[in-house]
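Below is one structure, written out as structure tokens; the observations come after it.
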Amino acid sequence: MDFSAFLDGFSVVAEPQNLLYCLVGVLIGMLIGVLPGLGPAATIAILLPIVYGTDPVSSIIMLAGIFYGAQYGGTITSVLLRLPGEASSVVTVFDGFAMAKQGRAGAALGIAAIGSFIGATVSIIGLSLLAPVIAGYALDFGPPEMAALALLGILLVSTIGSGHMLKALVAAGIGMLLATVGRDTFSGAERFTFGSIQLTDGIDFVVVAMGLFGVGEILYNLEERHGKVHSPATVGRVWPTRSELKESSGAIGRGSVIGFLLGVLPGGGAVMSSLAAYATEKRVSKHPERFGRGAIQGVAAPETANNAAATSSFIPLLTLGIPANASMAILFGALLILGVTPGPQLVDERPDLFWGVINSMYIGNLILLLLSIPLVGIFVKVLRIRPAILAPITVLITVLGVYTINNSVFDIYVMIFFGAVGYLMKKLGFEPGPMVLAFVLGALVEGNVRRAMIIFDGDPTGFVTRPISGTILALFVAVAVWPLLSKLVRRRTSASTPATPTDSTDVRSRDDVDAHH
């Protein structure tokens, strides 16, 4: 680790312009986290046109602030309304809302803010130490290794992420197909353009992202929340007591480690980290029966973990050029728009951006801690704004943003089309995340596979014989086969184990608990 470059990163963040962008980013992130359904991926997609013509460092600092700031804001609706503002805050609903009904909403929000700050800080320190090391090893990656790694990332997001695995794989396949639209960079032949001049250069990533996450999410959430009236719970005392802090210390520590480790994995992310942290706390607790009834550890652990994961997910993006989730995929696209290619060379070629973005997270999380508790009252008022008012304003901003990219009406039509696709995907249970990730990485996979085949003189066994690419492909096969093997083992186990009255009672009790949640 180059400590001089690390310290120079703080001087980059200390510039007034970058501090302002950091503040704006985390404030927007918190606000978006409070508004259920919109999410950081949609917000970053909507704001992508703003980054054109701006300084890359300032733009990425702001967009990164939106991403990890949304993790803070999502807690507020989970606790006060039993309505997760973010997918990673779903688990917080169980004990957070129970605490609110007991008059302890303030304590739940306070411990969530403290845990989020500690988890994010621990993860940023790990990011600062680990990212340059990974980038150093990644310099040995050639076209075969990058192609195998991109394929593994797409598969992990599809199979490990939330939602139905088969539907996620179908969405990823469509995303890779969309990436082939346009002129072939190797032969110059046009593919899937159907004679359209506008499609010759391919489909613009910004238009796809704004359609799927902007318009699609708005339409879906407008329908879901239509006619529903929510009354936020009373907040009361915000700062936790000394006994509550002591009771939560172990959960915060374990959540930090779990979040950091799972956040690095493509497909892991904040959602899986919060689930794993909650399950761990329930398992190690001496009183597991308290979980779901207002256990403060049930708020501290998932909130710590999802913020730690949000930070550590920058490691594969910045060092390998592999987005770990949908939000990272959109940030990846933003970097490419700004003329910056994420990957092993980023540390040496753009140390100001690399360390500026990482060090801005120290400042951003401190700002979030200082603002999250005092601004709770304002965010509660924001919750009372009807979706019917916010949705048209957001759609108008999205349409204007798409038009300003290329001054093209055709882009607006494409965005509307993908907005309808995004809406239908959500209705049918398809997550747009794998599709966007595969769309971003599709060109990377195709280009590197074809370069590798040139290196290997057309012999595909070269992917297996090279140590790094062979190992990655072995992991790819293991991840692809594991769900099938585990399902087969479960079937054989259930077939060989006769059901007993006790077993059926346990199943019914678990079903009752799940139905209650």
Side-chain angles (χ1 to χ4, degrees), residues 71 74-84 86-116 118-119 122 160 162 233 240-263 268-309 486 489-490 493-494 497 499-517:
Q71 309 301 325
T75 312
I76 297 173
T77 51
S78 297
V79 172
L80 301 182
L81 294 175
R82 200 182 184 181
L83 188 67
E86 270 300 298
S88 58
S89 299
V90 170
V91 188
T92 310
V93 169
F94 300 156
D95 290 276
F97 188 70
M99 290 180 67
K101 289 195 296 184
Q102 298 166 7
R104 302 166 59 204
L109 294 174
I111 201 66
I114 295 170
S116 297
I118 294 174
V122 170
I160 298 179
S162 59
T241 63
R242 183 176 298 179
S243 62
E244 288 173 332
L245 289 170
K246 184 178 180 180
E247 198 175 353
S248 306
S249 59
I252 291 174
R254 286 183 288 269
S256 300
V257 176
I258 292 171
F260 176 78
L261 295 176
L262 291 182
V271 178
M272 181 175 290
S273 301
S274 60
L275 289 168
Y278 187 85
T280 301
E281 288 310 307
K282 192 172 182 179
R283 189 169 300 166
V284 302
S285 175
K286 296 179 180 178
H287 303 283
E289 69 280 358
R290 294 181 182 175
F291 283 76
R293 301 178 181 176
I296 197 166
Q297 299 96 323
V299 175
E303 287 302 313
T304 302
N306 65 35
N307 280 271
S486 60
V489 170
R490 284 198 301 269
T493 304
S494 61
T497 305
T500 62
T502 305
D503 292 334
S504 61
T505 303
D506 291 342
V507 171
R508 283 197 301 270
S509 64
R510 285 195 297 270
D511 290 341
D512 292 340
V513 172
D514 293 338
H516 170 71
H517 288 326

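Numbers here simply count residues along the sequence, with the first being 1.
The closest donor-acceptor contact from the side chain of Ser285 to the backbone of Lys282 lies at 3.5 Å or more, if one exists at all.
When all heavy atoms are compared, the tightest approach of Ile296 to Glu244 is CD1-CB, 3.7 Å. The two residues Gly263 and Ser273 come nearest to each other via the heavy atoms N-OG, 4.1 Å. Among all heavy-atom pairs drawn from Ala305 and Ala277, the shortest one is CB-CB, 3.6 Å. Nearest heavy atom pair, residue Ala308 against residue Gly255, reads CB-O, 4.4 Å. Heavy-atom minimum distance, Ala300 versus Ile111: CB-CG1, 4.1 Å.
With sequence neighbours left out, the side-chain contact (heavy atoms from CB on, under 4.5 Å) criterion links Gln102 to Arg104. Listed by chain and residue number, nothing satisfies the side-chain hydrogen bond (donor to acceptor under 3.5 Å, both in side chains) test with Thr304 (two or more places apart in sequence, or in another chain).
Atom OG1 of Thr280 sits about 13.0 Å away from atom CD of Gln297, to the nearest 0.5 Å.
When each of Asp95, Thr92, Ile258 is tested with Tyr278 by the rule side-chain contact (heavy atoms from CB on, under 4.5 Å), just one qualifies, namely Asp95.
Side-chain atoms of Ser116 and Asn307 include a donor-acceptor pair closer than 3.5 Å.
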Passes side chain to side chain contact (heavy atoms under 4.5 Å, CB included), Met99 versus Val299? Steps please. CA-CA 9 Å; Met99 290 180 67; Val299 175; 3.9 Å; yes
